[in-house]
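We name chains A, B, ... by the order of the sequence lines, and we start the count at 1 in each one.
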Amino acid sequence: MSGERYDHREAEPRVRARWAAARIDATPDLNRGDARPKYYVLEMFPYPSGRIHVGHSRNYTMGDVIARFRRASGYDVLHPMGWDAFGLPAENAARERGGHPDTWTRENITQMKQQLQLLGIAIDWDREFATCDASYYRWQQDIFLHFLEHGLAYQGTSKVNWDPVDNTVLANEQVVDGRGWRSGALVETRELRQWFLRITAFADELQDGLRTLERWPERVRTMQANWIGRSRGARLTFALDPSTPAPAGIEGIEVYTTRPDTLFGASFVACSVDHPLIQALRPRADLDELKRRVDQLGTSQEAIERAEKLGVDTGLRVMHPFVAGRTLPVYAVNFVLMGYGTGAIFGCPAHDQRDLDFARRYDLEVLPVVLPPGADPASLVIGDEAHTGDGTLFNSDFLDGMDPASARQAAIARLETLGAGQGTIIYRLRDWGVSRQRYWGCPIPVVHCGTCGAVPVPRDQLPVLLPTDVSFDQPGNPLDQHPTWKHVACPKCGAPAVRETDTLDTFVDSAWYFARFTNPDFEGGPVDPVAAARWLPVDQYVGGIEHAILHLLYARFVTRAMHHCGLIDLPSGEPFEGLFTQGMVTHETFRAPDGTWLFPQEVEERGGTMWRRGTDQPVVVGPPVKMSKSLRNVVDLDHFVNAYGADVARIFVLSDSPPDRNVEWTPNGVDGAARFVQRVWSLVADHAGPSPLKGDAAPDGVGEGRALELRRFAHRTVRAATADIDGFRFNKAIANLYALVNEIRRDGPNDDALTWARGEALELLLRVLAPFAPHLADAAWERLGQPGLLAAMPWPEFDPSLATDDTVTLPVQVGGKKRAEITIERGAPEDAVIAAALQAGDVQPWLNGQTPRKVIVVPDRIVNIVM
RNA sequence: GCGGGCGUGGCGAAACGGUAGACGCAGCGGAUUCAAAAUCCGCCGUAGCAAUACAUGUCGGUUCGAGUCCGACCGCCCGCACCA
């Protein structure tokens, strides 16, 4: 043992310099003759929020492992990086600390880029851009104009959270318990003119396309399908009962339902407080009060749905379409939204939980019409739970005896005959409101003219640049308050007009950046058709599960819309062929007696409990949660890399936990990874004697004994670890490498054969380790005197004859419990396996001398003797 | 509230429906050391001297065989359209 230590402070920068000189991160030239199959790896680009911590590193490390693995496996790899740089936090920072959002953002980008480089992530930085670069958002404005021309962008109105004290629109995140986060004022709801993108035009395609995404997690596809929410149902109109007083001009209420089969169980009709009928009845004290309460909930769906179900009886009644003389009360309620369906529903309490809760509260009739299987129609009582499952229709006239699915058809047919309604398909998905009343975003390229209306900014006048001289000392949108910026001549008639002061939702920025990466300098349009055709779709996209719905759906939509406008040629419309959703890095939280959060380096353990470092203050330790600056449970990347090295961070965040699950950052786990690095190094430093690494021929004896065992183990490890990387089981790949290190270190005869086998195993180890711990692997390669860079070498191959054993050990079960093991030739015929199993000594006592009823043999896996 | 997911030793985990606990951490014992750190070797689900029994959030089901499939429940996590 030489005792030589691996010095990451010396090795990591040196190895990175060698990579840089060899340009291992460069994207291969499109036009070269010997192009290989392409592979586009992309991590969701980050919001430049400040310094990164070790928690951020996991996403990029995973992408880097994939990129390095694919590069070695013979692909032309594109692995770019950029910055999702517009958004609220920069504006908040400007308001709180002064300065300009642009300055704050650029400083963060500089820092984060350095830190990513420190981690050794092999990114082609030549393609870097930030969404706040005018050279990027200029093309986004161009895309917006195309959408406008194709009817995919339009103006409408929608509700926003309004802070009456700050006179500003609040994000849902900025509404805390119904109050503005800064002012504390009760939030109001306002209806504003806004820009929308017509995502609903692609609802069917977006839903159907999910079926083709075979390399997406099933749960993400399910969530998106539910979000789009295509449903078949019926629109029908309940005619107002002429004997009740109705507002002039309103003769009926149109509702949408997915359950026309339950129409005979209807006991009320419920309208949104914003429904035209309810508006026509106002002002009226009880309705006004309900409207006020609804408005105070804000616009978030969660708040609305969690609120207690409330309603006001309008006093109006409507007539049942199927039953002459039967009328239903009409309520205004707080749980029906104007934006979904027709803004009105009929309630069938027996078969819908929400309707049942409402009916119980207001003492409305509960009439079951679907009889659960096996239930008795005479004694069936609906308690606190609605029956939403299958059954047989009863109490339902012409539908009696049908199952719900047929009853739906029959009810729709009858409605259509009566002229009272028709079958239809609707979507839960709403058009995408992209207007934001904020400064730090992409300006919407439109001018509002008193005579010409909304006029697109001519293409030759793009980009509409954000003004830099803005002030954040007053609330509201700085663009709106800017003294000159918005005042321009109408592009059409030349009369004085004003610019649109709304900017685009930052989800628009991230909905097409992956396409721009294929040629970020292209001047002929948003996307270079040649480069996009070469590189798209992204072969492997990596990011957090929190983006399962919105970001991914918007990107799928924009890709289709761009294809529709001829901006991109991607008939599938699917930008991401493979998707992997990674888990977060978590850490315990620490809290001082006075309630302030403490950084991990501010606490220490003494006598089994945690104390504030150097004091006698006890520390409250909280459970591990996602690393975040606000809770201070973060480990700074620069400090960590200085102390342990980038590779220890890389190994740690990928070992221990499956990549799609969270991993808890612990000091002990870090030490384990650091120990592994040193073990690898000592194997390298101590390697001497005959070795394939020096070109020595295999000595006699490598085909037997320990040498053969080690060779088999090493080749098996390459096979398993390769499959693990390919299948995103990075934790298992690393566990296999740990096991290989243990195996190389195991005692054995001190002979040339084993020494040579160790050299072979060491080479295979380093080559498979290279994507995970690239600095260590290349430094070790150099230390072994090998020429060139591991980072540029092809992926190692294993010898199938060594990776497969010719005997297998089978467990023998009796009655499903393991009683013995037999070792037998791989692929032995079934009767030989049965004979060996029945003769096994440990099996005999369990047979009691009887003949088994049955013996189940799973070839090369298991034997089960059934008595 | 609605939609989606997860739950296995003291801890992170592994396990094509086929030997539950690979690999790592912690712990325990030993070697080395004047001593400690580091390093190395061994043990390590629970009960039991052992044979064995019991163990994958809880309860039930399918199967020769269930951590894995099905149903109900409990707990935690993600999303809910203006955080990114």
How long is the line joining [atom1] of [X] and [atom2] of [N], in whole Å?
X	N	atom1	atom2	value
A:Asp660	B:G4	CG	P	18 Å
A:Asp686	B:U39	CG	C1'	12 Å
A:Phe772	B:C23	CZ	C1'	13 Å
A:Phe728	B:A14	CZ	C1'	20 Å
A:Glu664	B:G10	CD	C1'	13 Å
A:Trp665	B:A13	CH2	C1'	18 Å
A:Tyr738	B:G12	OH	P	17 Å
A:Ile834	B:C64	CD1	C1'	13 Å

Tell me if the centroids of the rings in [X] and [Y] come within less than 6.0 Å of each other.
X	Y	result
A:Phe335	A:Phe358	yes
A:Tyr554	A:Trp432	yes
A:Phe676	A:Tyr738	yes
A:Tyr137	A:Phe86	yes

Can a side chain N or O of [X] be found less than 4.0 Å away from OP1 or OP2 on [N]?
X	N	answer
A:Arg675	B:G24	no
A:Arg219	B:C6	no
A:Arg679	B:C40	yes
A:Lys817	B:C54	yes

Where do N or O atoms of nucleotides 79-83 of chain B meet protein N or O atoms at under 3.5 Å, pair by pair?
{"unit_1": "B:C80", "atom_1": "N4", "unit_2": "A:Glu302", "atom_2": "OE1", "d": "3.2"}
{"unit_1": "B:C80", "atom_1": "N4", "unit_2": "A:Glu302", "atom_2": "OE2", "d": "3.3"}
{"unit_1": "B:A81", "atom_1": "OP2", "unit_2": "A:Gln301", "atom_2": "N", "d": "2.9"}
{"unit_1": "B:A81", "atom_1": "O2'", "unit_2": "A:Arg430", "atom_2": "NH2", "d": "3.4"}
{"unit_1": "B:A81", "atom_1": "N6", "unit_2": "A:Arg428", "atom_2": "O", "d": "3.0"}
{"unit_1": "B:A81", "atom_1": "N1", "unit_2": "A:Arg430", "atom_2": "N", "d": "3.0"}
{"unit_1": "B:C82", "atom_1": "OP2", "unit_2": "A:Arg436", "atom_2": "NH2", "d": "2.7"}
{"unit_1": "B:C82", "atom_1": "O4'", "unit_2": "A:Arg436", "atom_2": "NE", "d": "3.2"}
{"unit_1": "B:C82", "atom_1": "O4'", "unit_2": "A:Arg436", "atom_2": "NH2", "d": "3.3"}
{"unit_1": "B:C82", "atom_1": "O3'", "unit_2": "A:Asn172", "atom_2": "N", "d": "3.4"}
{"unit_1": "B:C82", "atom_1": "O2'", "unit_2": "A:Asn172", "atom_2": "N", "d": "2.6"}
{"unit_1": "B:C82", "atom_1": "O2", "unit_2": "A:Arg438", "atom_2": "NH2", "d": "2.5"}
{"unit_1": "B:C82", "atom_1": "N4", "unit_2": "A:Gln194", "atom_2": "NE2", "d": "3.3"}
{"unit_1": "B:C82", "atom_1": "N4", "unit_2": "A:Ser435", "atom_2": "O", "d": "3.4"}
{"unit_1": "B:C82", "atom_1": "N4", "unit_2": "A:Gln437", "atom_2": "OE1", "d": "3.0"}
{"unit_1": "B:C83", "atom_1": "OP2", "unit_2": "A:Asn172", "atom_2": "N", "d": "3.4"}
{"unit_1": "B:C83", "atom_1": "OP2", "unit_2": "A:Glu173", "atom_2": "N", "d": "2.9"}
{"unit_1": "B:C83", "atom_1": "O4'", "unit_2": "A:Glu173", "atom_2": "OE1", "d": "2.9"}
{"unit_1": "B:C83", "atom_1": "O4'", "unit_2": "A:Glu173", "atom_2": "OE2", "d": "3.3"}

Which pairs would a plain distance check flag for residues 856-867 of chain A, meaning a side-chain donor or acceptor within less than 3.5 Å of a matching protein atom at least two apart in sequence or in another chain?
{"unit_1": "A:Asp860", "atom_1": "OD1", "unit_2": "A:Gly827", "atom_2": "N", "d": "2.9"}
{"unit_1": "A:Asp860", "atom_1": "OD2", "unit_2": "A:Gly827", "atom_2": "N", "d": "3.4"}
{"unit_1": "A:Asn864", "atom_1": "OD1", "unit_2": "A:Gly816", "atom_2": "N", "d": "3.1"}

Taken in chain and number order and not counting sequence neighbours, the residues that satisfy salt bridge (charged side-chain N to carboxylate O under 4.0 Å, His left out) with A:Glu821 are A:Lys818
Partners passing salt bridge (charged side-chain N to carboxylate O under 4.0 Å, His left out) against A:Arg182 (at least two apart in sequence or in another chain)
A:Glu96
Checking all strands, does [X] fall into the base, sugar-phosphate, or nothing category for heavy-atom contacts under 4.0 angstrom?
X	result
A:Pro658	sugar-phosphate
A:Asn742	sugar-phosphate
A:Arg853	nothing
A:Ser655	nothing
A:Asn731	sugar-phosphate

Only one of A:Leu740, A:Val718, A:Thr717, A:Ile734 passes side-chain contact (heavy atoms from CB on, under 4.5 Å) with A:Val768, and that residue is A:Val718
Protein-nucleotides 45-52 of chain B N/O pairs under 3.5 Å:
none

A:Trp227 six-ring face occupied by A:Arg428 cation (under 6.0 Å, within 45°)
yes
Any donor-acceptor pair under 3.5 Å linking the side-chain atoms of A:Glu4 with those of A:Gln678?
no
Closest nucleotide of RNA chain B for A:Val663 versus for A:Ala673: which of these residues is on the 5' side?
A:Val663
For A:Gly815 and A:Met584, find the nucleotide of RNA chain B closest to each by heavy atoms; which residue's nucleotide sits nearer the 5' end?
A:Gly815
Among A:Tyr513, A:Tyr541, A:Trp83, the one residue meeting ring pair (Phe, Tyr, Trp, His ring centres under 6.0 Å) with A:Phe45
A:Tyr513
Atom CZ of A:Arg193 with >12 non-hydrogen neighbours under 6.0 angstrom:
yes
Of the options B:G12, B:C40, B:G4, whose atoms approach the side-chain atoms of A:Asp656 most closely?
B:G12
Are any of the side-chain heavy atoms of A:Thr131 and A:Cys442 separated by less than 4.5 Å?
no
Polar-atom pairs under 3.5 Å, protein N or O versus N or O of nucleotides 15-21 of chain B: list them with distances, or write none.
{"unit_1": "B:A15", "atom_1": "OP1", "unit_2": "A:Lys732", "atom_2": "NZ", "d": "2.6"}
{"unit_1": "B:G18", "atom_1": "N2", "unit_2": "A:Asn864", "atom_2": "ND2", "d": "3.3"}
{"unit_1": "B:U19", "atom_1": "O2", "unit_2": "A:Lys818", "atom_2": "NZ", "d": "2.7"}
{"unit_1": "B:U19", "atom_1": "O2", "unit_2": "A:Glu821", "atom_2": "OE2", "d": "3.2"}
{"unit_1": "B:U19", "atom_1": "N3", "unit_2": "A:Glu821", "atom_2": "OE2", "d": "3.2"}

